[in-house]
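Since the structure comes first, as structure tokens, the remarks are kept for the end.
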Amino acid sequence: MPHHQFVLTVSCPDLPGIVSAVSTFLFDNGQNIIDAQQFDDSETGLFFMRVVFNAAQTRVSLQGLREAFLPVAERFMMRWHLRDRSNRRRVMLLVSQSHHCLVDILYRWRTGELEMQPTAIISNHPRETYKDIEFGEIPFHYLPVNKETRRQQETAISGVIAHTKTDLVVLARYMQILSNEMSGRLEGRCINIHHSFLPGFKGARPYHQAHERGVKLIGATAHYVTSDLDEGPIIDQDVERISHRDTPADLARKGRDIERRVLSRAIRYHLEDRVILNGKKTVVFMD
């Protein structure tokens, strides 16, 4: 990443002069804009912006930039985040028996597509479940759970998150419902993946339910976790057309492929500061 890049994200009431103020601030501090995207939400009256920049002439520290930007942020009542892109976010992966998403994430991390630092893999199933998967030096934690031990198990997960200074938690087909308390603690920094028929096909064997109803599209949705099951702000979705020839096994196979690519995109968007919360929705600045 040449010339040490930074990324600034902003959300605030839509007022005149925001773009000018941000651009002027960067110019006055010796920075060069590499990429800039913005969105005016006419329904909410909010403004959203993402700017990637580097030093044109003057090398300024991250803390120095943050302090210098405070007057601009206060003037426009901004919610903002400024990050050095060379500092990779720390990501924890939670998984159950289905590990296609986990394998895909690890592959994309190792090839450099996902710029992150894995902190741990946590599962409610023992390590033998994943005997064919190479975790390398990523710590693995087996934390079984049932109805009676859920609070203790979530306390243990929270302890690992704190100890490893994890920035983002990914539910990579983790088939356990997080408590409202846990979901609240992870608001805006926990991503889940599920099949898009929900809530239309709730419960067990969703692909079989879909097959019985003769659906013509299957899909997957990646979203931030909230206390409302599968109702959090959506980050990414995808679908695939199917036909009467497809069996439940075909649907499950195609569904796995959709799930892994949708989840990986959502993770990348988050890691690259492309996602800004907008109430129950998100603004996603595509590359």
Legend entry - Any donor-acceptor N/O pair, Q63 side chain to S61 backbone, under 3.5 Å: no
Inset, instruction - Give a yes or no on whether the backbone of M182 and the side-chain of S179 come within a donor-acceptor separation of less than 3.5 Å. - result: yes
Legend entry - Taking every non-hydrogen atom, the tightest pair across F76 and G17: CZ-O, 3.7 Å
Legend entry - 4.5 Å side-chain heavy-atom contact, Y269 and M286: yes
Legend entry - Enclosure of H81 NE2 (heavy-atom neighbours >12, cutoff 6.0 Å): yes
Inset, instruction - Please check if the side chain of T24 supplies one atom and the backbone of A21 the other of a donor-acceptor pair under 3.5 Å. - result: no
Legend entry - Hphob cluster co-occupancy, L70 + V22, side-chain heavy atoms under 4.5 angstrom: yes
Inset, instruction - Could you tell me whether a side-chain N or O of H211 sits under 3.5 Å from a main-chain N or O of D246, the two making a donor and an acceptor? - result: yes
Legend entry - L93 side chain reached by F135 side chain, heavy atoms, under 4.5 Å: no
Legend entry - side chain to side chain donor-acceptor pair (under 3.5 Å) between Q5 and R85, worked out: CA-CA 6 Å; Q5 296 181 4; R85 296 189 73 190; 2.7 Å; yes
Legend entry - Non-hydrogen side-chain atoms of L271 and E115 separated by less than 4.5 Å: no
Legend entry - Main-chain N/O of C101 paired to R173 side chain as donor or acceptor, under 3.5 Å: no
Legend entry - S123 (side chain) donor-acceptor with Y142 (main chain) under 3.5 angstrom: no
Inset, instruction - With rounding to the nearest 0.5 Å, note down the distance linking CD1 in I267 to CG in L263. - result: 4.0 Å
Inset, instruction - Grab the two heavy atoms, one from Y130 and one from H99, that are nearest each other, plus how far apart they are. - result: CD2-CD2, 3.8 Å
Inset, instruction - Return yes when atom CZ of R75 has more than 12 non-hydrogen atoms of other residues, nucleotides or ligands closer than 6.0 Å, and no otherwise. - result: no
Inset, instruction - Taking D40 for its side chain and S42 for its backbone only, find out whether a donor-acceptor pair lies under 3.5 Å. - result: no
Legend entry - Least distance between heavy atoms, I191 atom then A266 atom: CD1-O, 4.0 Å
Legend entry - Flag side-chain contact, heavy atom, 4.5 Å: Q153 against P144: no
Inset, instruction - Measure the shortest side-chain to side-chain distance between F47 and V19 over non-hydrogen atoms and say whether it is less than 4.5 angstrom. - result: yes
Inset, instruction - Establish whether V72 and L8 are linked, either directly or via other cluster members, by ILVMFWY side-chain heavy-atom contacts under 4.5 Å. - result: yes
Inset, instruction - Kindly compute the distance separating CE (M92) from CG (L186), expressed to the nearest 0.5 Å. - result: 9.5 Å
Legend entry - Salt-bridge contact R150-E154 (side-chain N to carboxylate O under 4.0 Å): no
Legend entry - side-chain contact (heavy atoms from CB on, under 4.5 Å) evaluation trace for F53 with L65: CA-CA 12 Å; F53 60 92; L65 285 170; 3.9 Å; yes
Inset, instruction - Determine, stepwise, if the pair R79 / L277 fulfils side-chain contact (heavy atoms from CB on, under 4.5 Å). - result: CA-CA 10 Å; R79 297 182 63 180; L277 287 170; 6.0 Å; no
Inset, instruction - Check E259, R253, R260 against H100 for a side chain to side chain donor-acceptor pair (under 3.5 Å) and give me the one that passes. - result: E259
Legend entry - Within 6.0 angstrom of R205 CZ, more than 12 heavy atoms from elsewhere: no
Inset, instruction - Hey, could you give me the CG/CG distance between L15 and L46, rounded to the nearest 0.5 Å? - result: 10.0 Å
Legend entry - Nearest-0.5 Å distance that lies between atom CG in D236 and atom NE2 in H223: 12.5 Å
Inset, instruction - Evaluate the side-chain proximity of F6 to D84: yes if any heavy-atom separation is below 4.5 Å, no if none is. - result: yes
Legend entry - Flag, side chain of R274 to backbone of F285, donor-acceptor distance under 3.5 Å: yes
Legend entry - Candidate pair D250 and T247, rule side chain to side chain donor-acceptor pair (under 3.5 Å), full reasoning: CA-CA 5 Å; D250 292 328; T247 66; 3.2 Å; yes
Legend entry - Connected via hydrophobic side-chain network under 4.5 Å: V95 and V170: yes
Inset, instruction - Assess whether atom CD of E240 is packed by more than 12 heavy atoms of other residues, nucleotides or ligands within 6.0 Å. - result: yes
Inset, instruction - State the OG-CD distance between S227 and E187, to the nearest 0.5 angstrom. - result: 8.5 Å
Legend entry - Shared hydrophobic cluster for L26 and F69 (ILVMFWY, side-chain gaps under 4.5 Å): yes
Legend entry - Euclidean distance, I138 CD1 relative to I121 CD1, rounded to 0.5 Å: 4.5 Å
Legend entry - Heavy-atom closest contact (I234 atom, Q237 atom, distance): CG2-CG, 3.7 Å
Inset, instruction - State, with a plain yes or no, whether a side-chain heavy atom of V169 is found less than 4.5 Å away from one of Y174. - result: no
Inset, instruction - Side-chain contact test, heavy atoms from C-beta onward, threshold under 4.5 Å: evaluate it for R89 versus L168 and give yes or no. - result: no
Legend entry - Closest approach of P233 to K281 (non-hydrogen atoms, all atoms of both residues): CB-O, 3.9 Å
Inset, instruction - Mind listing the closest non-hydrogen atom pair of A120 and V160 along with its distance? - result: CB-CG1, 4.1 Å
Inset, instruction - With side-chain contact (heavy atoms from CB on, under 4.5 Å) as the test, would you mind laying out the steps for L94 and Q176 before giving the verdict? - result: CA-CA 10 Å; L94 272 63; Q176 295 292 320; over 6 Å; no
Inset, instruction - Check the hydrophobic clustering (I, L, V, M, F, W, Y; side-chain heavy atoms under 4.5 Å; chains of links allowed) and say if F39 and V284 are grouped together. - result: no
Inset, instruction - Output yes when a side-chain donor or acceptor of R50 lies under 3.5 Å from a complementary backbone atom of I276, and no otherwise. - result: no
Inset, instruction - May I ask you to decide if S20's main-chain N or O and S23's side chain share a donor-acceptor pair within less than 3.5 Å? - result: no
Legend entry - Stepwise side-chain contact (heavy atoms from CB on, under 4.5 Å) test for L62 and L82: CA-CA 8 Å; L62 177 63; L82 178 58; 3.8 Å; yes
